[in-house]
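Scroll down for the structure; my scribbles are underneath it.
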Amino acid sequence: MKEKYNFREIETKWQKIWEEEKAFKISEDTDKEKYYVLEMFPYPSGKLHMGHVRNYSIGDVVARFKTMKGFNVLHPMGYDSFGLPAENAAIKHGVEPAKWTWDNIAEMTNQLKEMGLSYDWDRTVQTCNPNYYKWMQWIFIQFYNKGLAYKKENPVNWCPSCKTVLANEQVVDGACERCGSIVGKKNLSQWYFKITDYAERLLKNLDILEGWPNKVKTMQKNWIGKSRGAEVTFDIKGMDKKITVFTTRPDTLYGTTFMVIAPEHPLVEEITTPEQKAEIEAYKEKVQRMTDIERTSTTNEKTGVFTGSYVINPVSGTEFPIYISDYVLLDYGTGCVMGVPGHDQRDFDFAKKFDLPIIPVIDTHDPEIDLNNLPHATAAEGTLINSGEFNGMNNKEAIVKMTEKLESMGRGKGTINYKLRDWLISRQRYWGTPIPMIYCEDCGWVPEKEENLPVMLPTDVEFTGKGESPLTTSKVFAQCTCPKCGKKATREMDTMDTFLDSSWYFLRYCDALNEEKAWDFDKQKYWMNVDQYIGGVEHAILHLMYARFFQMALYDLGLVSNEEPFENLLTQGMVIKEGKKMSKSIGNVVSPEEIIGKFGADTARLFILFAAPPERELDWSDKGVEGSYRFLNRVYRLVYDMSDVIKNAPDTYEIKSSEDKSLAYAMNYTVKKVTEDVGGRFNFNTAISSIMELVNEMYKYKDHEINEGLMKDAVEKMILVLSPFAPHICEEMWQHLGHETKLYKTSWPSYDEKALIKDEIEVVVQINGKLKERMLVPSGLDKAAFEKLAMENEKVKALVEGKNVVKVIAVPGKLLNLVVK
RNA sequence: GCGCGAUUGGCGGAAUUGGCAGACGCACUAGACUUAGGAUCUAGCGGGUGACCGUGGGGGUUCAAGUCCCUCAUCGCGCACCA
């Protein structure tokens, strides 16, 4: 150990040692309690950004801490390496997606290693690796055989720029989540996963995910969007046809004055009368040309066209007209809505626009509302009116009774609806897992035989950026034989959404090298669940719901032992600078490479954990980084200066002076604080600040007479608790102090509760809740003794003099409050 | 519009169960050492400088409120014509 802190030398040295010793290689060990800590794996863009540094620093502290605590820790890392940027690079620079991706992976691996992260590198997965996507295809086939994958033609979200379809979850504000282009609609035959079959379980299980942030659970809950209500069937006047609507408010059935169906609804053609046909067709065409943005931006201005047909209210027998309008969505509920303008604002707006009657059926007992001339729709509770036999009934009760009546009439039933749609998983892209399905003219869609997996991506493809998916340009890919009948057949040309790849990688980590299976059940059983999952909140819905769905489906297939994969979830905040998101266009990007080059990985890690609690936004501060660097230098100097003392110090010692006592207190307090903050609350910032306090104490202490044994103890414990945050410098100091065993193999220190009891403690005296006096009292006083002592205090006496003490509240060890009049 | 979360010194943030507001760090000020200091060390650092006021504003509960309740404001995030 040199006099000056040379982080570059130290970090290189220890990274090499860890690598050579395979320090973090792990295997199943039933003697130890397992702990699985996982950070969301990156897309290999080639360069780490500060968000990665934050994510992986958090995970690494947890992993190293748990390891020192004696757990058998699984801490893996890999790459979500299929995806569009690789294809774009191919189009732009003519480099093959595979080469581009693997180069990036190599580059990124180097950067991760420079951070000193404690991964078991032998378990690394790359989703673009045939030994990974082989099992992706295998899982797809299991899902297909279970009836969870199906193909259907449907209007789908189409990104004109990415030239592919998108899942609902990937359309944000009507635009492509990836590139921001306006998403249009296209009728295509596509593969879907039946995630809707799992809607109820996905929703219900949220309640048992106690280790998840409420925010994420709420977001998923809203996304699943469960609504309870009823389906009501209406006869169409003069036709042998019926229309079924979904409503959450069957109690308002008597208030229906019109019906609206989605323009795309197949029934529209049948019910349109000849004289309305032209207008209906024109409207449909107009709607079809609109993007989702246009369709939803005209918030209040309702449009629509009368079809010429009428329906009959099953309970009241009244007739009313059927319209089409774009505010009714084809894929929610039944695509048909009963218009109740009195109690639904959208219906109210529509009725006003088309001059349709408005019948109030619920009296909300609001004196401001004139029931004969409603100013707006009312949604509040109330009593039914204008509703025949239901008049006078509370509307909550009416929901039940009306549903019962409809059921008895065979006109409806209580039902539940979800906003969640099936997951569209086909992508018209090259750089993804080929969907292992074969189309045979005689047998239809047939899965590829398992022994033929993986269906390899062909390399004889062209990247033009135009026309269809590059896969279609391959001369060999499509040709195959039907696995069932052996006739000539063709392969599916679409690849899978990359979100499939990331929906089970945590399972592959459990048994990453298995060539016979996706994973061994027992190994999975040993490691799962993920005890701590860490990543950005931007994955709250997409990835985290898809992964939950996969796990449930795999559970039903008997392939995994739990229904939910992630026990505890930490969503880390963004790294920002000067209040803004780091971005190239603003020019406020701080590169991890630069920071590590200038101050070292230990400083970078320490700062990013110190500057803010993990779930909050972190404002990057260049000055703050220097502060962390200064702190590590301060630690280094202390250890360097004390090393002779420590090396010659005895292993046991006695507390003699009051300085000894307070250093022993600080040492034990810090160990306790760090243990609790890292092990329980994940408040790394306060853990680090308490280590700083201990270091400050030691600097003060070394100017007094040094108790060598105590000094040694304090310095060593300080190094141990600092090591998860700044592992390289701590290994170096640890070795320098004469330890043969590497720090990463050393146990976490314990603390002595007895040393945390002080002889004297400072308490405060308040009068009427205002702080008036501080005093030192012996610790462990009971209420009465404490009160007596306080009342003897000169200042307190003077303040109470001549006044009436009404009440005394004594909190031993803390304060005394005198209520005085 | 609906839902969730935040608001504490010049700044990032502490205060775990209602019990000393401002830990720790940054910035700043003064001093020491020094040929020099952007190194290091020491001291100070919410406002007013009297015993008072201070956790976005207003109100409440309590002996005691940053913390609990009501209300308003601002900012951020999510969802949004979901019947």
Side-chain angles (χ1 to χ4, degrees), chain A residues 4 172-173 213-223 225-227 229 245-249 252 260 262 295-302 325-329 331-340 343-347 349-350 417-421 537-538 540-541 574 579 607 610-613 615-628 630-631 633-634 637 673 676-677 680-681 683 685-693 695-696 699 703 762-774 795 798-799 806-811 813-820:
Chain A
K4 253 194 117 233
V172 180
D173 295 334
N214 282 328
K215 183 185 168 131
V216 173
K217 289 198 275 189
T218 307
M219 282 168 75
Q220 291 205 359
K221 200 175 157 189
N222 292 340
W223 190 265
K226 180 177 179 174
S227 298
V245 300
F246 171 73
T247 177
T248 54
R249 296 292 304 276
T252 64
V260 193
R295 195 165 163 173
T296 54
S297 65
T298 51
T299 324
N300 277 318
E301 190 64 18
K302 294 281 181 286
S325 173
D326 62 358
Y327 85 92
V328 175
L329 309 170
D331 54 1
Y332 182 76
T334 62
C336 308
V337 170
M338 60 183 217
V340 186
H343 307 286
D344 182 289
Q345 190 57 40
R346 293 156 300 175
D347 297 346
D349 295 338
F350 193 83
N417 243 288
Y418 300 92
K419 287 203 304 191
L420 185 71
R421 308 292 142 76
V537 75
E538 66 273 17
I541 295 173
M574 267 200 309
F607 171 72
F610 175 63
E615 64 283 354
R616 220 183 293 186
E617 254 181 10
L618 186 151
D619 204 346
W620 185 267
S621 150
D622 291 330
K623 286 287 178 191
V625 183
E626 285 174 36
S628 294
R630 261 202 298 273
F631 171 70
N633 271 288
R634 203 165 138 81
R637 276 198 312 276
K673 177 85 179 151
E676 287 172 358
D677 283 355
R681 313 192 301 162
N683 282 12
N685 54 332
T686 50
I688 293 166
S689 73
S690 81
I691 301 172
M692 288 173 169
E693 283 179 87
V695 171
N696 290 344
Y699 264 91
D703 291 339
E762 195 186 66
V763 294
V764 298
V765 180
Q766 297 178 337
I767 291 181
N768 294 337
K770 303 247 187 257
L771 194 155
K772 295 291 175 184
E773 173 70 336
R774 297 166 189 277
K795 194 167 172 193
L799 282 162
V806 186
K807 199 172 176 185
V808 180
I809 295 107
V811 184
K814 286 201 172 135
L815 57 70
L816 187 87
N817 190 14
L818 303 171
V819 186
V820 166

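All chains are named by letter (A, B, ...) in the order of the sequence lines, taking the proteins before the strands, and each is independently numbered beginning at 1.
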Handout entry: Nearest-nucleotide pick for A:Ala612, side chain only, options being B:rU16, B:rG13, B:rA83
Key = B:rG13
Practice task
List for me each residue that meets side-chain contact (heavy atoms from CB on, under 4.5 Å) alongside A:Val808, sequence neighbours excluded, and say none if there are none.
Solution key: A:Glu787, A:Val805, A:Leu816, A:Leu818
Exercise for the section: State, yes or no, whether a side-chain contact exists between A:Val340 and A:Arg249 at a heavy-atom distance under 4.5 Å. Expected result: no
Practice task
Rounded to the nearest angstrom, tell me the gap between atom CG in A:Asp619 and atom C1' in B:rA6.
Solution key: 15 Å
Problem - Sugar-phosphate or base contact per nucleotide [nucleotides 24-37 of chain B; S, B, -; heavy atom under 4.0 Å] - result: BSSS----------
Problem - Whole-Å C1' distance, B:rA23 and B:rA14 - result: 5 Å
Practice task
Just compare B:rA83, B:rU40, B:rG13 and give me whichever is closest to any side-chain atom of A:Arg637.
Solution key: B:rU40
Exercise for the section: Answer with base, sugar-phosphate or nothing: what part of the nucleic acid does A:Val806 contact at a heavy-atom distance below 4.0 Å? Expected result: nothing
Practice task
Give a yes or no answer on whether the side chain of A:Tyr327 reaches the backbone of A:Val260 with a donor-acceptor pair at less than 3.5 Å.
Solution key: no
Fill in the blank from the handout: Taking for A:Met338 and for A:Trp223 the nucleotide of RNA chain B with the nearest heavy atom, the one nearer the 5' end belongs to A:Trp223
Exercise for the section: To the nearest Å, give me how far apart NZ (A:Lys221) and C1' (B:rG3) are. Expected result: 10 Å
Pick out the pairs of N or O atoms, protein on one side and nucleotides 18-21 of chain B on the other, that lie under 3.5 Å.
from   : atom 1 : to       : atom 2 : distance (Å)
B:rC20 : O2     : A:Arg774 : NH1    : 2.2

Please write out each protein N/O paired with an N/O of nucleotides 73-78 of chain B under 3.5 Å, distance rounded to 0.1 Å.
from   : atom 1 : to       : atom 2 : distance (Å)
B:rC77 : O2'    : A:Lys215 : NZ     : 3.1

Exercise for the section: Can you sort out the partners of A:Asp677 under side-chain hydrogen bond (donor to acceptor under 3.5 Å, both in side chains), two or more places apart, ordered by chain and number? Expected result: A:Lys673, A:Arg681, A:Thr686
Exercise for the section: Answer whether the closest heavy-atom distance between the side chains of A:Glu676 and A:Asn683 falls below 4.5 Å. Expected result: no
Practice task
Under 4.0 Å between any heavy atoms, over every strand shown, what does A:Lys226 touch: base, sugar-phosphate, or nothing? Just pick one.
Solution key: nothing
Practice task
Considering only atom P, compute the distance from B:rU62 to B:rC69 and round it to an integer number of Å.
Solution key: 16 Å
Practice task
For A:Leu771, check side-chain contact (heavy atoms from CB on, under 4.5 Å) against everything at least two apart and list the hits.
Solution key: A:Val764, A:Arg774
Exercise for the section: Taking atom NZ of A:Lys226 as the centre, report whether more than 12 heavy atoms of other residues, nucleotides or ligands fall under 6.0 Å from it. Expected result: yes
Exercise for the section: Among the candidates B:rA83, B:rG12, B:rC81, find the nucleotide nearest to the side-chain atoms of A:Tyr327. Expected result: B:rC81
Problem - Residue pairs passing the salt bridge (Lys or Arg N to Asp or Glu O under 4.0 Å) test where at least one lies in residues 617-628 of chain A, sequence neighbours excluded - result: A:Lys577-A:Asp622
Handout entry: Rounded distance in Å between the P positions of B:rU61 and B:rC70
Key = 15 Å
Handout entry: Partners meeting side-chain contact (heavy atoms from CB on, under 4.5 Å) with A:Ser227 (sequence neighbours left out)
Key = A:Phe246, A:Thr248, A:Tyr332
Practice task
Could you provide the dot-bracket string of RNA chain B, using ( ) for intrastrand pairs, [ ] for crossing pairs and | for bases paired to another strand, with Watson-Crick or G-U pairs below 3.5 Å?
Solution key: (((((((..(((......[....))).(((((.......))))).((....))..(((((..]....))))))))))))....
Completion exercise
By side-chain hydrogen bond (donor to acceptor under 3.5 Å, both in side chains), A:Arg637 pairs with (sequence neighbours left out) none
Handout entry: Spacing between A:Asn768 atom CG and B:rC63 atom P, to the nearest angstrom
Key = 11 Å
Handout entry: For atom CG of A:Leu329 and atom P of B:rC79, their distance in whole Å
Key = 16 Å
Exercise for the section: Return the set of residues passing side-chain hydrogen bond (donor to acceptor under 3.5 Å, both in side chains) with A:Gln766 (not counting sequence neighbours), or none when no residue passes. Expected result: none
Exercise for the section: Taking the side chain as every heavy atom from C-beta outward, state whether A:Val695 and A:Met692 have any pair of such atoms under 4.5 Å apart. Expected result: no
Completion exercise
A:Val763 meets the side-chain contact (heavy atoms from CB on, under 4.5 Å) criterion, sequence neighbours left out, with A:Ile761, A:Met775, A:Val777, A:Phe786
Practice task
By nearest nucleotide on RNA chain B, pick out whichever of A:Asn214 and A:Lys807 is the more 5' one.
Solution key: A:Asn214
